[in-house]
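Structure first, then comments.
Convention: sequence-line order gives letters A, B, ...; per-chain numbering from 1.
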Amino acid sequence: MSDLRPLRLRNSLSGRVERFDPARPDEVRMYTCGLTVYARGHIGNFRTFVGQDLLRRFLEWKGYRVLQVQNFTDVDDKTIRGAGEAGETLRDYTTRFIELYHADADALGVRRAHHYPRATDPEYIAAMVRLVERLLERGAAYRSGGSVYFRIAAYPDYGRLSGAAVEGRLAGARVDADEYDKESAADFVLWKATEDGEPTWDAPFGAGRPGWHLECSAMALELLGSGFDLHCGGVDLKFPHHENEIAQSEAATGEPFVRHWFHCEHLLVEGRKMSKSLGNHFTVRELIEEGVSSAALRYLLASVHYRKQLNFTRDGLRQAETAVGRVNALLARVPESSASGPFVPADPGVRACLDRFEEALNDDLNVSRALAEVFFALRQANQGLNRKDAEDGAGVAEWAAAIRSMNEVFGVFEMEGAPDPSSGEDLVEEIEGWIRERRDARRRRDYARADAIREQLRARGIALEDTPDGTTWRRLD
RNA sequence: GGCGGCGUAGCCAAGUGGCCAAGGCGGAGGUCUGCAAAACCUCUAUUCGGCGGUUCGAAUCCGCCCGCCGCCUCCA
């Protein structure tokens with residue numbers, strides 16, 4: 001698989017699209033920078049998570065076994081402040097937002113990671129302490145004012161990820177209180193000395209709490225090992241977060257930290273940067289409560305290349321809704337094959353379509369070209385259905401199976417919508433009763449009556465469609 | 001100020017030197033239908049922000065200009 005048709009993926013470390021080769025032949029070890037859990041994640045966060053999910057699903061589609069770790073940052077200034085204001089323990093407070101994250105991610109069909117380490121989990125605090133000790137031993141860290149800092153001078157490769165202009169970037173950096181404790185302005189805190197009222201953990205180098213960057217290094221090294229394959233996050237994390245992760249990890253282990261860095265661009269809302277002050281800040285939950293389907297939401301988030309800013313608009317959601325609906329309508333008419341095992345198309349046309357699909361995604365995840373293949377298959381299937389001769393039945397089934405296969409990567413079709421309380425057996429029986437009555441009316445050529453029944457059901461959100469084989473119905477959104 | 005990205009039809013969006021500039025949404029016409037709806041078919045950018053240049057040939061390379069956005073500080 002991967003030998004003949006390698007994935008080519010942009011590596012932020014080199015700035016180039018490179019062949020993606022995991023360290024072990026069939027396994028991909030993947031780390032995702034997750035949320036800081038002081039608030040519910042917004043659609044910007046989920047653009048990144050959906051982008052990473054697409055990458056993971058494609059790797060799995062290609063046959064890799066993926067081991068994914070996604071952390072939660074549950075100790076920092078914002079979580080501490082939030083918990084204090086809410087009068088809750090830090091643990092309880094952050095747990096709430098972790099649960100909300102899972103609710104939103106599940107709604108969007110984001111596959112679950114295999115591990116969700118939290119910074120304050122005892123085993124990871126211990127791992128962080130060990131990492132700091134190692135850095136102290138190696139002279140890559142120093143103690144000052146009760147805190148421990150990373151000495152950038154001890155790591156000559158600093159700046160490889162975010163570009164050479166590190167000094168320039170830091171020159172304008174605001175001077176904060178602990179600046180005076182540092183040997184160099186670029187040094188960053190690994191372990192913060194305890195302050196009044198803040199959570200604190202004992203350590204050989206003094207009680208305190210982990211600095212921002214330390215947790216990801218510790219958890220990634222602990223769960224995935226040094227030199228793992230993929231480290232993912234939003235573009236904003238490149239500097240300083242990921243730069244610092246690389247520095248502290250490599251200074252501690254003496255080995256390359258990560259093989260391939262994957263960064264997702266941010267999204268814009270109606271052409272503007274999303275921010276609380278502009279009031280264009282949405283959560284997944286809010287949009288779904290407004291009636292946006294999670295499928296349309298996911299489609300919009302997944303349909304723009306991960307390195308391009310995505311302009312999130314109402315019109316875009318509407319377009320996504322229509323596009324997803326067309327595919328779902330076809331799939332609803334063609335039942336899923338009960339055949340087990342991998343899908344091997346017999347039709348050369350179907351095979352070629354899947355080949356082009358894979359080729360598109362192999363090319364640095366070209367989702368636009370891949371989606372074009374989904375719609376190509378859709379057209380083929382619908383054409384087959386229109387011809388409706390028995391000979392074509394198998395062809396339609398294969399095209400539908402191809403769409404379902406491609407959907408393993410996109411995950412946007414046949415998502416179960418919000419359960420409708422009025423969709424019980426009773427309603428179905430009632431609708432079928434109306435359809436029978438309308439059929440009789442049509443046989444009598446009583447079209448006024450037939451149209452009245454259709455209108456009355458349409459007003460209730462049920463669309464009737466007459467086909468040569470009888471009348472079908474579907475729910476309008 | 002430093003660094004980076006983008007500007008392709010009404011909207012979204014592929015395409016980075018050479019077949020008719022993918023695909024989706026929308027629109028127009030048609031097939032089917034009692035009428036619809038759905039589906040399918042055809043059409044919908046002689047042109048790729050503007051102006052120059054390189055080339056037999058450029059949306060694709062170079063230069064200048066215009067416009068939009070992001071990063072450089074917490075941030076997915």
Side-chain angles (χ1 to χ4, degrees), chain A residues 15 32-36 38-39 41-52 73 76-78 162-174 176 212 232-241 263-268 271-276 299-301 303-327 329-330 333 356 360 363 366-376 378-388 441-443 445-448 450-451 454-455 458 463-468 471-474 476:
Chain A
T32 294
C33 272
L35 284 180
T36 300
Y38 66 99
H42 49 69
I43 50 171
N45 296 312
F46 282 97
R47 192 268 163 110
T48 298
F49 295 132
V50 167
Q52 291 163 176
T73 298
D76 80 322
D77 292 347
K78 280 178 285 206
S162 52
V166 174
E167 279 152 43
R169 303 179 88 138
L170 290 164
R174 171 178 99 248
D176 52 33
W212 176 31
C232 311
V235 279
D236 54 291
L237 295 183
K238 263 165 114 165
F239 183 85
H241 186 54
H263 289 103
C264 289
E265 213 5 295
H266 281 184
L267 66 66
L268 266 28
R272 316 213 45 184
K273 183 180 178 173
M274 184 174 57
S275 74
K276 281 176 179 149
Y299 182 95
L300 180 55
L301 295 178
S303 64
V304 175
H305 186 84
Y306 71 93
R307 281 195 285 116
K308 258 194 98 170
Q309 286 179 339
L310 185 163
N311 190 10
F312 188 91
T313 63
R314 293 288 166 179
D315 193 48
L317 278 174
R318 214 208 69 252
Q319 295 186 7
E321 201 84 64
T322 310
V324 170
R326 281 186 62 210
V327 179
L330 176 274
R333 293 174 67 185
R356 291 192 301 270
D363 183 10
N366 190 327
V367 289
S368 299
R369 269 166 55 205
L371 241 17
E373 296 306 330
V374 172
F375 286 98
F376 176 78
L378 175 69
R379 210 158 47 243
Q380 302 307 308
N382 277 324
Q383 280 173 2
L385 244 24
N386 276 359
R387 283 194 295 271
K388 76 177 174 61
R442 292 178 76 205
R443 282 180 182 160
R445 297 187 169 272
D446 182 358
Y447 294 121
D451 291 350
R454 188 168 61 196
E455 277 316 305
R458 169 166 279 272
L464 297 189
E465 293 173 1
D466 299 325
T467 75
T471 298
T472 63
W473 65 276
R474 68 189 169 88
L476 299 165

Would you say the base of [N] and the side-chain of [X] have a donor-acceptor pair closer than 3.5 Å?
X      : N     : answer
A:T48  : B:A76 : yes
A:Q309 : B:G70 : no
A:D451 : B:G34 : yes
A:D466 : B:C35 : yes

Kindly compute the distance separating CZ (A:R379) from CG (A:N386), expressed to the nearest 0.5 Å.
->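 The CZ atom of A:R379 sits 13.0 Å away from the CG atom of A:N386.
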
So what does A:R379 hit on the nucleic acid, given a heavy-atom distance under 4.0 Å: a base, only sugar-phosphate, or nothing?
->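 Since only primed, P, OP1 and OP2 atoms lie under 4.0 Å of A:R379, the category is sugar-phosphate.
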
Would you classify A:Y447 as touching base, sugar-phosphate or nothing, given that sugar-phosphate means primed atoms plus P, OP1 and OP2, and contacts are heavy atoms under 4.0 Å?
->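 Answer is base: heavy atoms of A:Y447 come under 4.0 Å of a base.
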
[X] side chain, from C-beta outward: closest of [options]:
X      : options             : value
A:V304 : B:C40, B:A13, B:A37 : B:A13
A:R454 : B:A14, B:G34, B:A39 : B:G34
A:R326 : B:A14, B:A76, B:C40 : B:C40
A:K308 : B:A76, B:C40, B:A14 : B:A14
A:R369 : B:A14, B:G34, B:A39 : B:A14

Worked check of side-chain contact (heavy atoms from CB on, under 4.5 Å) between A:H305 and A:E265 | CA-CA 9 Å; A:H305 186 84; A:E265 213 5 295; over 6 Å; no

A:A372 vs A:N45, nearer the 5' end of RNA chain B by closest nucleotide =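 Checking each residue's closest nucleotide, the 5'-ward one belongs to A:A372.
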
Verdict with supporting geometry, A:I43 and A:M274, side-chain contact (heavy atoms from CB on, under 4.5 Å) = CA-CA 9 Å; A:I43 50 171; A:M274 184 174 57; 4.1 Å; yes

Return no unless some side-chain N or O of A:K273 is found under 4.0 Å from OP1 or OP2 of B:C71.
->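 True: A:K273 side-chain N/O within range (under 4.0 Å) of B:C71 OP1/OP2.
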
